[in-house]
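These notes concern the structure reproduced below.
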Amino acid sequence: MIEATNLTKVFRDRKGGDIRAVHGITFRCQPGQIYGLLGANGAGKTTALRLLATILQPTDGTARVAGFDIREQPEKVRASVGFLSTATALYGRLTPRETVEYFGRLNGLNGDKLRRRTEELFALLEINEFADRRCDKLSTGMKQKVSIARTLVHDPPVMIFDEPTLGLDVMAARTIVGFIRDCRSCGKTVIFSSHVMSEVQKLCDYIGIIHQGRLLAGGSLAELRQRTRQADLEEIFIQMVEAAP
Amino acid sequence: MNLTRVGIIYRKELIDALRDRRTIISTIVLPILMFPLLTLGFGFVAGKSLQKVEREGSTIMLLGETNAPALAKTMRETDGIRVVAPSEDYVVLISEKKLRAAVEFPPNFEQETRMTSDKPPQVKIYNFEGETRSQVAVRNVQKVFDDYRKQLVAARLAESGLTKDVLKPFATKQENVAAPEKVSGNVIGGLFPYLIIFLCFMGSLAPAIDLTAGEKERGTIETILASPVSRLDLVVGKFLIVFTASIVTAVVSLASFALTFSLPFVVAREFAQRNPVPFDISVKGVASVLLMMLPLAVMFAAVLMAIGLFSKTTKEAHSYASPLMLLVLMPAMAAMVPGFDLNAALAFIPVLNVSLVSKEVLTGNYPWLLILLVFASSWGYAAGALSLAVSAFKRESVLFRT
């Protein structure tokens, strides 16, 4: 479960002025659901997700992730979250096995338990073939699989994806999309950001439209359609953004 | 702080560093090769070129040779001197390095030297000042003149019925009373700490930047920040690796330094004979210097990490670190300035204090109060630098600087 309440992040620019990257966002995301954060580049999606993953600290407001407060218990939050984005690269000089085991250990796994979990993930994601090759020698698709194994090693109840398919080819993107669906069917709470309408439309149970740091609207696709009297998600998005103050 | 997690990070960073070619080169390969290459290579080249100069001999020209026939004959017969036919353009020839020197005898030189007079005759030696081979030629010529002068003096003394003793009414003798280790310490006391300070800095440079700016550049910083590890554990784990690299570099270079001069390489021996390097340094002195270096290594590692973290790319980090290197090397070099000694005020200047106290310790002096001051202030600076690195890791504006 993710519950964000009035989540706000203000950055200082070089001239000392304030930039409100995220402005009073409130939403809720249930286990077994995919929440899609839809917005243009620079709308505040990445900042919002970094706040939830406790990589950044909120200026105001807070959120509870898997029952833990992001301000009070950031380490417990991170232990309950799998975070994947195009910015979360792999250590090129480590092998997939070393990578997954490293993050497993940081999450408190060790010994037989860690070995079993690694084997399980490697079999599931078909990593065994290249498990002992250095990550910088792997193809983009292979790296994506290793990244997925890295986020799943501690079996977190909450998954956060920040534009996970950005810059990927069709095959690699399909792997990711399939994986996000699997997370939902396992009963995980999933939040996912994108600016690709078709992806959001295909995947998400719940959609939040974000623009200039504010959450303009939230609801299922059917609800958004009803509210705007538009069928296509792109039209819905444009209408909402244009109506924004 | 969670020590288990610090250990996990340390282990991972160690594997990572051991697979990084740049870190291996700067931490292990370069320090191993530096001393043998510098000393043996330099010794070899210097020895070879000196041999060449000696073999070739000095080409000189005699002007007014008829005024000194006996001297001219001696010069022709002297090894290392080659006399060429006189010509008008000797100045040009010397300037163009085709001739090393020209000797001009005044009229009736030899006759006049046999008589005493108020105004003794003067020989001119034309040369190229500052040019090595020209100076070698001047030295060779002067040697012939010295011998000739001695002969004349002996002859004059004999004529007057005096012995050589009249020229030496008394003698002086120098005697060293300092222990050999103190003598050695004074000679290399300034150089040794300078090298260690330099190597500690160089050893931590590559890993400190790779582990901070390098992570930003490769996009792995967000991956690790999203894991449950705390920022403090992360910075401590990384710091310990950089510190290890710094110490390994210093130890490896010391070993290489010692081996270079103790292995029976022919060239090394030849070099050591030519330039005797005193190695009578006490183990206690070296151990004390290494102990004094510890806070300095901590400070270097922490400051370089803070710089690396502040930078967006490794290139940017290196451009900040280069001026810092000068800032470190200048005080480190100061210990080599003769007569520049440690006092209470200087004990508070970072780097300079350690390099000056090392000089004292290597010469067998243990000014305990100053040592304590230096040690305490160095640890103070090290702690400050470390807290700077920790706070940099906690600041979003540094981690996500755009």
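Below, read A as the first sequence line, B as the second, and so on, with proteins coming before strands; counting in each chain starts at 1.
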Looking at CG of A/Asn110 and CD1 of B/Ile8, how far apart are the two atoms once the value is rounded to the nearest 0.5 Å?
8.0 Å
Side chain, backbone, both or neither: which part of A/Phe103 has an atom under 4.5 Å from a heavy atom of chain B?
side chain
Does B/Met325 CE have over 12 foreign heavy atoms under 6.0 Å away?
yes
Residue part contacting chain A, namely of B/Ile221, when any heavy atom lies under 4.5 Å
neither
May I ask you to check whether over 12 heavy atoms, not counting those of B/Glu396, lie within 6.0 Å of atom CD?
yes
Check the surroundings of atom CD in A/Gln57: do more than 12 heavy atoms from other residues, nucleotides or ligands lie under 6.0 Å from it?
no
Out of curiosity, B/Arg19 CZ to A/Thr95 OG1, how far, rounded to the nearest 0.5 Å?
6.5 Å
Is there a donor-acceptor pair under 3.5 Å between the side chain of A/Arg78 and the backbone N or O of B/Ser227?
yes
I'd like to know whether CZ of A/Arg214 has more than 12 heavy-atom contacts from other residues, nucleotides or ligands below 6.0 angstrom.
no
Do B/Glu222 and A/Ser85 have side chains that approach each other closer than 4.5 Å (heavy atoms only, starting at C-beta)?
yes
Just by distance, do the side chain of B/Thr223 and the backbone of A/Leu90 share a donor-acceptor pair under 3.5 Å?
no
Max heavy-atom pair count under 4.5 Å with chain A, selected residue of B/Arg11, B/Lys12, B/Arg231, B/Arg5:
B/Lys12
Which one wins on heavy-atom pair count under 4.5 Å against chain B: A/Ala89, A/Gly82, A/Ser147?
A/Ala89
For the residue pair A/Arg93 and B/Arg218, establish whether any side-chain heavy-atom pair is separated by less than 4.5 Å.
yes
Under 4.5 Å, counting heavy-atom pairs only, tell me which of A/His154, A/Lys9, A/Arg12, A/Glu101 racks up the most with chain B.
A/Lys9
Could you look at B/Asp20 and say if it's the side chain, the backbone, both or neither that has a heavy atom under 4.5 Å from chain A?
both
Quick check: closest heavy atoms across B/Ile15 and A/Glu98, and the distance to 0.1 Å?
CG2-OE2, 4.4 Å
Would you check if B/Ile224 and A/Tyr102 make a side-chain contact, meaning some heavy-atom pair closer than 4.5 Å?
yes
Between B/Asn2, B/Asp210, B/Leu18, B/Leu399, which has the largest tally of heavy atom pairs under 4.5 Å with chain A?
B/Asp210
